[in-house]
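Per chain, numbering begins at 1; letters A, B, ... match sequence-line order.
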Number of protein chains: 2
Amino acid sequence: MPSGTESRRVTIHDVARAAGVSRQTVSRALNDKGEIDDSTKQRVLEAARTLGYRPSRFARGLVRQDTISVGLVIPDLLNPFFTEVAAAALEAARARGWHVLVYDTADSAQEELGTLQVIASQVDAVVGYFSRTESEIEQWTRGLPVVLIDRAEDAERFSSIRIDGRDGVRAAVSHLVQAGHRRIGMLDHAARAEPSVRHAWFADALTACGLDDGPVCRAEQSVEGGERALEHLLTQHPDVTAVFAFNDVIAIGALRAARRTGRLVPRDLAVIGFDGVTLGTLVEPPLSSVALDIRRLGVLAVEQAARLLTGDSPLAPDDLVARAELRLRAST
Amino acid sequence: MPSGTESRRVTIHDVARAAGVSRQTVSRALNDKGEIDDSTKQRVLEAARTLGYRPSRFARGLVRQDTISVGLVIPDLLNPFFTEVAAAALEAARARGWHVLVYDTADSAQEELGTLQVIASQVDAVVGYFSRTESEIEQWTRGLPVVLIDRAEDAERFSSIRIDGRDGVRAAVSHLVQAGHRRIGMLDHAARAEPSVRHAWFADALTACGLDDGPVCRAEQSVEGGERALEHLLTQHPDVTAVFAFNDVIAIGALRAARRTGRLVPRDLAVIGFDGVTLGTLVEPPLSSVALDIRRLGVLAVEQAARLLTGDSPLAPDDLVARAELRLRAST
DNA sequence: AACGTTCCCGTGAACGCTCACGGACGGAAG
DNA sequence: CTTCCGTCCGTGAGCGTTCACGGGAACGTT
């Protein structure tokens, strides 16, 4: 039966004593080093087994600093876009033999701050999405490599994986116009106070096609948010015949709302999203999207983190770009 | 420019020297302990800043063993079911202040072994999905708490979160029978050699309803796998009017294959899945499913890991069960 | 003047492990 | 018999941090 006392950890010394050897010999046995007789090795292993010995990762890490771990910060793992980014980052990290600590900040600035406060003491580099200001981030991560993804404003002090959807969005709008649409709305995201960069691309594309500004409605970052936003948009602007959404999740919400309100997509309403998530191919109708190579985001971020960590030739900002291009499906 | 020499890490001692104080005073300044003059505190902080000092997590962890980290092992993060499990586990761990190392084994026994070999030296507990034998798992995780999820066979040596879908599957089959279906097929999963437990439930339910065994086809764990499997099943058994799938991902594949081959769901073919993933509500038609509380899986696993870790009153196997129940939507 | 308090700060030890070194032992070569 | 080498094993040191303790200075109290 387990003793009531808070039992001390079993250390390498205990194993050594039990096996009648020195610490070093135990270390040799456990790490498959040479310079040890096979019989004693077995004896040591046996002693370790019966004692339930498990080496301390801290002590080991202190003396040989080989294992690298990176923190991956994601706003919402249930959002299929971030899931794909995370999966790609995980794979890239695994290929390097890195360990990945994942933090889901639940789309909350508060949780993000909490993550920032603890992450620096747990990892060798940080990769992911942050909404806080650069100085806040720097305050908590001072000294360790940080790679931001899809930063709203240009990142000055950190490396950042930029998303360039200007051409893609223009192609999307242009395609809608050629299909006869004249009144195109947008479902922007609602998280930030000011309109998003994607909205700017959208507005530019409209003027490039000789159209006036389209009506905009803010949407929560969820399917339900997209549904609500589309209904709101269509009641306020019934003349809208096509919508561009901040991302595919919102666009899928729009798809559902359209169906629910008896509109046929794309006949009564054309819908086009952004990101190009796999999920877009599963809904009905399949979603047109200004798609980007999502995997590239995660891979690039890890790649850059690696370069920052080793110090050799980090990628230039121009190389840290994922360009989006129009991918047409049945929703337009 | 960075010096060519492999520069030594800047330690607490360097900061102490730069600030003209002792290590302990530096420690006090950094950890917001008392017993330090505010002016010297600022001076130390300034010195640390300019030197780019960052405390070693290993040294810190060695002396104060407070931070706990758990390894979460997932076969495929892109599978929406595992995504939901992971999200729940992450949240539960965060609530405890734990850190989570995520490992995606890519549905590969080889990667799983690789994960097993490194995970033990990085975490305080392991939670997740494993396909290897218990002795293999134990060999690499000896001594640290392990909580398995949805283990195919009953786990003897480890805690395991069990999924009980017997009643749910029976309800599903019974519902299909009452709707007039007499020839019900199943799309089982293809990973293991023998039929799955869910197939056993399915077979039991059939006999309980007085039906003969239904035709079975193995499917890969993906939407595409589900598509292929349904086509194969229907060509071999054209009389099938309803299918039960091993999980929702495969069921969604069946939905798509049905649509593609001109069958209307549920009129020409009824489809019912397992798991109850959120994705099932987004496809068309929405997917009926033998649904379980997916979040509960992740939460329970973390909860049990916590109990095993602290040693107080681990949950009994009977409490580590997630029961599935029929959730009817438009696909039946 | 002697004493107790409070406020700061420093010193040794400890955490658990690996690395570099040295030493004992036995057998082969001179 | 000496010398040398290879095998096996132990000892001290060090990784970077915090904890427990002690001590000096400044201040007030009797």
Item to complete: Remember a base hit wins even if backbone is also touched, and classify B:Ile36 as base, sugar-phosphate or nothing at under 4.0 Å, heavy atoms.
Response: sugar-phosphate

Worksheet item: When you check the phosphate oxygens OP1 and OP2 of D:dC9, does a side-chain N or O of A:Thr25 lie under 4.0 Å from one of them?
Response: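 Checking D:dC9 against A:Thr25, no side-chain N or O comes under 4.0 Å of OP1 or OP2.
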
Worksheet item: Using a cut-off of less than 4.0 Å, is there contact between a side-chain N or O of B:Thr40 and OP1 or OP2 of C:dC9?
Response: yes

Item to complete: Looking only at non-hydrogen atoms, find the nearest pair between A:Arg64 and A:Asn31 and report the distance.
Response: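 The pair with the smallest heavy-atom distance is NH1-ND2, 4.0 Å.
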
Fill in: A:Leu113 versus A:Trp140, closest heavy-atom pair with distance
CD1-NE1, 3.7 Å

Can you tell me the distance, in whole Å, between the [atom1] atom of [X] and the [atom2] atom of [N]?
X	N	atom1	atom2	answer
A:Asp14	C:dC17	CG	C1'	13 Å
A:Arg17	C:dG16	CZ	P	12 Å
A:Gln42	D:dC9	CD	C1'	17 Å
B:Leu62	C:dC17	CG	P	9 Å
A:Arg57	C:dT18	CZ	C1'	18 Å

What's the separation between atom [atom1] in [X] and atom [atom2] in [Y], rounded to the nearest 0.5 Å?
X	Y	atom1	atom2	value
A:Gln304	A:Leu315	CD	CG	5.0 Å
A:Thr105	A:Ile74	OG1	CD1	8.0 Å
B:Ser121	A:Arg54	OG	CZ	9.0 Å

Scan nucleotides 17-21 of chain D against the protein and return all N/O pairs shorter than 3.5 Å with their distances rounded to 0.1 Å.
from   : atom 1 : to      : atom 2 : distance (Å)
D:dT17 : OP1    : B:Tyr53 : OH     : 2.4
D:dT17 : OP1    : B:Ser56 : N      : 3.1
D:dT17 : OP2    : B:Ile12 : N      : 2.4
D:dT17 : O5'    : B:Tyr53 : OH     : 3.4
D:dT18 : OP1    : B:Asn31 : ND2    : 2.8
D:dT18 : OP1    : B:Arg60 : NE     : 3.1
D:dT18 : OP1    : B:Arg60 : NH2    : 3.0
D:dT18 : OP2    : B:Ser27 : OG     : 2.8
D:dC19 : OP2    : B:Lys33 : NZ     : 2.5
D:dC19 : N4     : B:Gln24 : OE1    : 3.0

Discussion item. Looking at B:Asp14 and B:Arg17, is there a salt bridge between them, counting it only when a charged N and a carboxylate O are closer than 4.0 Å?
Written reply: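 Result for this pair is yes, salt bridge flagged.
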
